[in-house]
Amino acid sequence: MAVKLGLVGTGTVGGGCIDILKNHAEGFKRHYDIDVELVRVCSRNPEQAITHGVEDLFTQDYRDILDDPDIDIVIELIGGTTVARDVVCGALRAGKNVVTANKALMATYGEEVMGLADEMGKEIAFEASVGGGIPIIDPLKHSLIANRIDTVMGIVNGTTNYMLTRMAEDGLAYDEALAEAQAKGFAEADPTADVDGLDAAAKIAILASIAFNSRVTIGDVHAEGIRNITPLDLDTARDMGYCVKLLAHAHRTDEGVDVRVHPTMLPLNHQLSTVNGVFNAIYVVGDAVGETMFFGEGAGAGPAASAVMGDVLEVARHIQQGVGPLVGCTCTDKLSLVPMDNLKTKYYIRFAVADRSGVLAAMAQVFANHNVSVYSVVQRGKQDGNTVNITYVTHLAREKSVRAVLADIAELDDVLREEPSVIRVEE
């Protein structure tokens, strides 16, 4: 008997899942003896169902899927943390297994969702919530569990990676790169989640929770975006032997879990430095396996639907074989979160300042006041007749001290012309 599926959400990823089922359902049965059947589809947009030829399965009320006793797996692809939370939790309470691509939900309410799945003896699978088509959650939960994972670090947002690539390679300004990304469908009309690092923060919260077996939520992640990065910053970084990426960091330290998202200067010989365009990559270090990297397209109908359907088929296999959930919540530890103020690293800071005497001396005094040692100071490029760019690179310094420097310089009389660019340096 076929495992019956109910799909909530027929947008880009949902449509991709329908296409995969239409194209490969017979192959799944022939090759893997996994028999799945899509029996109900829910969306606010009937036209999408018609486009994909499933109008006969269509409903506008997700409760029709939750209340259908024949449906075994609910696939949630609407996103967000309001209605989607009702769908996911409602499906679990109704005794159904759930597959979701919802990073915001799992990064915010993961503990609740995982606890409910455990209570009901059902599976919650969410491979597509991080990295699109890149397998990363399954390897962390299975292939790499013999390791103590010490680092998970990655480029997990294709929009910003595309923008930074275009800015670095072709000199596009931030606004130009964003407009191009929107025109190509890589960025939403409201790009806030991408360009301010919030999308990446949700993803690294999920990865850190799994890697370190300790709950991390999106609210625990310090997030900065790329709005203040310019082609000049990228050119300067290249001259120094670095590239700039919006990097999601999660590190196990003696103090606890260090988790953050921000622009980062990477040495040009680092594995992640060659990941360009809309591609994502996740770099994982384990005590036994050493360094590994997972690379691929992080978004889009095909890659994301591939991850969703991989979860669906694995859960369906378990149902057909009468196997219960194999891996539930693994957050059995309660590691401390390292405050961002405690971060100690090198910093690249570019100030656009008034071009007049005394400015450099005043700024140097601020660095000295907070014991932030400067490795180099370079004046590079005039923005206009009255504004110059001054770039500082520090020795190792504490975040708290650097923040104090930035605050005090902002208070200097008529010095700053715009928000500074701050990029942390990864060795």
Do His249 and Thr264 touch side chain to side chain, with heavy atoms closer than 4.5 Å? yes

Are Val113 and Phe126 close enough that some pair of their side-chain heavy atoms sits under 4.5 Å apart? no

Identify whether the distance between the nearest side-chain nitrogen and carboxylate oxygen of Asp341 and Arg403 falls below 4.0 Å. no

Judged by modelled atom types alone, do Lys245 and Asn276 share a side-chain donor-acceptor pair under 3.5 Å? yes

If we only count heavy atoms from C-beta on, is the Ile282 to Val152 side-chain gap below 4.5 Å? yes

I'd like to know if Glu176 pairs up with Arg166 as an ion pair, taking the criterion as any Lys NZ or Arg NE/NH1/NH2 lying under 4.0 Å from an Asp or Glu carboxylate oxygen. no

Verify the distance criterion only: is there a donor paired with an acceptor across the side chains of His318 and Glu314 at less than 3.5 Å? yes

Pair Glu399 + Arg260, salt bridge at N-O below 4.0 Å: no

Is there side-chain contact between Ser336 and Glu255, with at least one heavy-atom pair below 4.5 Å? no

Salt-bridge contact Glu112-Arg85 (side-chain N to carboxylate O under 4.0 Å): yes

Heavy-atom donor-acceptor pair, Glu297 side chain to Asn280 backbone, under 3.5 Å: no

Are a donor atom and an acceptor atom from the side chains of Glu180 and Tyr162 found within less than 3.5 Å of each other? yes

Do Ile65 and Lys96 have side chains that approach each other closer than 4.5 Å (heavy atoms only, starting at C-beta)? no

Using only heavy-atom distances, determine whether the side chains of Asn213 and Thr330 contain a donor-acceptor pair under 3.5 Å. yes

Assess whether a salt bridge exists between Asp72 and Lys4, defined as any Lys/Arg side-chain N lying under 4.0 Å from an Asp/Glu carboxylate O. no

Angle class for the Phe367/Tyr392 ring planes (parallel below 30°, perpendicular above 60°, tilted otherwise)? parallel

side-chain hydrogen bond (donor to acceptor under 3.5 Å, both in side chains) contacts touching residues 21-40 (sequence neighbours left out): none

I'd like to know if Asp233 pairs up with Arg350 as an ion pair, taking the criterion as any Lys NZ or Arg NE/NH1/NH2 lying under 4.0 Å from an Asp or Glu carboxylate oxygen. yes

Within the 4.5 Å heavy-atom criterion, are Val156 and Ile204 side-chain neighbours or not? no

Could you check whether any side-chain heavy atom of Arg317 comes within less than 4.5 Å of a side-chain heavy atom of Leu313, counting everything from C-beta outward? no

Do Thr192 and Asp190 have side-chain N/O donor and acceptor atoms under 3.5 Å apart? yes

By side-chain contact (heavy atoms from CB on, under 4.5 Å) - contacts of Ala104 (at least two apart): Thr81, Asn102

